[in-house]
Amino acid sequence: MLPTQPTDTSAGSPDGTIDGGGDPTGTANGEAALRGFAGATAVPVRAAVILPWERRERPDGSSGEPARAAEARLAEAVGLAASIGLVVVHSAILPLRARRPATLLGAGQIAAQGEAIAAGEVTVAVVDAALSPVQQRNLERAWQCKVIDRTGLILEIFGKRARTKEGALQVELAHLNYQRSRLVRSWTHLERQRGGFGFLGGPGETQIETDRRLIAERIAKIERELEGVTRTRKLHRDSRKRVPYPIVALVGYTNAGKSTLFNRLTSAKVVSADMLFATLDPTLRAIDLPHGTRIIMSDTVGFISDLPTMLVAAFRATLEEVIEADMILHVRDVSHGDTAAQSEDVVGVLRDLGIEPSDPRLIEVWNKIDRVDAAGRARLENLAARQTDGQRPVLVSALTGEGTAALIERIEAEFARSRVTLDVALDLGDGAGMSWLHRHAEVLGRDAGEDGRMHMTVRVDPDRAGIVRAKFGAQNIRDADPRH
């Protein structure tokens, strides 16, 4: 975790000192330093954000400008740092012609940034790239401050945002996997343990080996607990399948407006803010569509470019909600200059989950059209109109509510197209049959017919329609108007 600058060190730590002497993962490396200041008043931490920027190869092998603008990437990194309370006093984009194995950056760049960091009294330098442990250590020595890379920063944010036990476990698992390769010798008073008594015992394990073993044991314990989480979530999904309400999952780049749209559609009060990763733990709400269809909407964690693979793996149990969803709404911030690159990042994560862009469950929602000028809006509307019906995006403003009615209609139309609507005739005294339909189908309506029987209009998945016909008899069932 990141270091703070306490104004009252006498408050101490609830579990002892905070100088790294008893921390197997090394608070000398800056990990978990915030934990010791539960009772202290922390002043803002001054930070620098440095973006190493290199030209990348295009798919055809030629070099060219990357799809994402350097300024936008730097602004995103500054936003990430600010979202956990860091005060960014210096930022820079450094062209990277070649990656140095020892420091990533060139000697001149390191010296120039070192002067700026010293002048700004920076405590934490965020390097918006993946750093090896050696590179991180060498930059810390050169700049005389704590250095964290993009992965460490995102893990720090996730650690602050997790509110449930499940979220905390998933973040801790990712954090431990990250720390495992970055252990330092913070316990210098125990250079080597020995077995046996006195001078007769053989060499024991080194302190760093002890640390690795402790981390490995903790990882194994968390993985066992997360297996229980996975089983619980599967039980919940299975129970929802028995009550046939389709699941609609919201996915998208962080800060694309998913939670705001979720609140707009469900009248929920999920935290929504102009902040990267404002929400982390998934939220589910049931809503009724205009023609009676009940759906369950799920708001999931936002994605980001270069999302650490360890986080994708750790949050697999949470992301199963997306994999198992009946419909996936890909929410995009079309007012952002890098909306196309952000979309590619989301598509990449979905591919890792086994969801291809051609998946018929996917619908793009172009959000924040209230921030687009008239010319930009006309261009977006033309782009959307040229798409085929099944792939046509829906333009909305989650903030003002514009376009959300059209989105609801689209969701309902897609589900109606894929489900079967039946009229089931039952005897008026067949309470057990009526109860069975309520448990196994979506009941749209009921009416006592002139024939003296109860007619129930239900909607089911095609693979369940045969079960309904077999139970009540084909002679008692007819196809109903799907627009009921």
Side-chain angles (χ1 to χ4, degrees), residues 231-250 262-269 282-299 320-329 360-361 363 404-484:
R231 287 193 298 270
T232 301
R233 283 200 167 272
K234 185 177 185 304
L235 289 172
H236 290 167
R237 284 193 299 271
D238 291 343
S239 65
R240 289 196 295 267
K241 287 178 180 178
R242 288 193 294 271
V243 180
Y245 298 146
I247 310 295
V248 178
L250 297 177
F262 181 84
N263 289 340
R264 170 71 63 175
L265 297 178
T266 66
S267 300
K269 295 182 179 179
T283 306
L284 291 86
R285 293 288 187 275
I287 63 172
D288 293 320
L289 300 181
H291 290 90
T293 303
R294 172 162 288 192
I295 64 172
I296 296 176
M297 191 159 285
S298 171
D299 183 22
E320 292 285 347
E321 297 289 349
V322 178
I323 298 171
E324 299 288 338
D326 298 283
M327 182 181 293
I328 303 170
L329 302 183
R361 297 176 296 165
I363 296 177
T404 53
L407 176 60
I408 289 292
E409 290 178 6
R410 174 72 176 276
I411 293 172
E412 191 165 42
E414 292 294 331
F415 281 131
R417 185 179 299 123
S418 62
R419 307 185 87 198
V420 178
T421 305
L422 303 172
D423 181 278
V424 183
L426 305 92
D427 294 333
L428 291 176
D430 189 5
M434 297 178 194
S435 176
W436 188 94
L437 285 173
H438 277 285
R439 293 196 310 272
H440 296 89
E442 178 190 357
V443 178
L444 302 179
R446 50 188 291 174
D447 181 47
E450 295 179 357
D451 58 358
R453 308 188 75 192
M454 178 64 69
H455 291 261
M456 298 186 67
T457 305
V458 300
R459 185 179 290 148
V460 294
D461 292 327
D463 58 347
R464 299 182 68 90
I467 299 174
V468 177
R469 288 190 172 97
K471 180 170 181 62
F472 295 96
Q475 70 277 11
N476 295 315
I477 297 175
R478 63 180 176 83
D479 292 336
D481 184 355
R483 296 171 297 175
H484 182 91

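Sequence positions, counted from 1, serve as the residue numbers for this chain.
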Handout entry: Partner residues of Asp326 under the salt bridge (Lys or Arg N to Asp or Glu O under 4.0 Å) criterion, sequence neighbours left out
Key =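 If we apply the salt bridge (Lys or Arg N to Asp or Glu O under 4.0 Å) test to Asp326, skipping adjacent residues, there are no hits.
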
Can you see which heavy atom on [X] is nearest to which on [Y], and at what distance?
| X | Y | value |
| --- | --- | --- |
| Thr404 | Arg264 | CG2-CG, 3.8 Å |
| Glu412 | Pro290 | OE1-CD, 3.7 Å |
| Met456 | His438 | CE-NE2, 3.8 Å |
| His455 | Ala425 | CE1-CB, 3.8 Å |
| Ile323 | Arg361 | O-NH1, 2.9 Å |
| Ala441 | Val458 | CB-CB, 4.0 Å |

Problem - Over 12 foreign heavy atoms within 6.0 Å of CD, Gln475 - result: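 More than 12 within 6.0 Å, yes.
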
Just wondering, do [Y] and [X] contact through their side chains at under 4.5 Å, heavy atoms?
| X | Y | answer |
| --- | --- | --- |
| Asp299 | Thr266 | no |
| Ile247 | Glu324 | no |
| Ile467 | His440 | no |
| Phe262 | Val248 | no |
| Ile411 | Leu329 | yes |
| Thr457 | Thr421 | yes |

Problem - Main-chain N/O of Asn263 paired with Arg285 side-chain donor or acceptor, under 3.5 Å - result: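 The answer is no, because no donor-acceptor pair under 3.5 Å joins these two groups.
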
Practice task
Could you tell me whether the side chain of Arg294 and the main chain of Ala286 form a donor-acceptor pair under 3.5 Å?
Solution key: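 It does not hold such a pair.
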
Handout entry: For Arg469, side-chain contact (heavy atoms from CB on, under 4.5 Å) partners two or more places apart
Key =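 Counting only residues at least two positions away or on another chain, Arg469 forms a side-chain contact (heavy atoms from CB on, under 4.5 Å) with Leu422, Ala465, Ile477, Asp479.
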
Practice task
Could you tell me which residues satisfy side-chain contact (heavy atoms from CB on, under 4.5 Å) with Asp427, sequence neighbours excluded, listed by chain and number?
Solution key: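 Asp427 satisfies side-chain contact (heavy atoms from CB on, under 4.5 Å) with Asp430, Arg453 only.
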
Exercise for the section: Apply side chain to side chain contact (heavy atoms under 4.5 Å, CB included) to Leu426 and Asn476, showing your working. Expected result: CA-CA 7 Å; Leu426 305 92; Asn476 295 315; over 6 Å; no

Handout entry: Nearest-0.5 Å distance that lies between atom CE in Met327 and atom CD in Glu414
Key =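 Answer rounded to 0.5 Å: 5.5 Å.
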
Practice task
Measure the CG-CZ distance between Leu437 and Phe472 for me, rounded to the nearest 0.5 Å.
Solution key: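 Leu437 CG to Phe472 CZ: 4.0 Å, rounded to 0.5 Å.
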
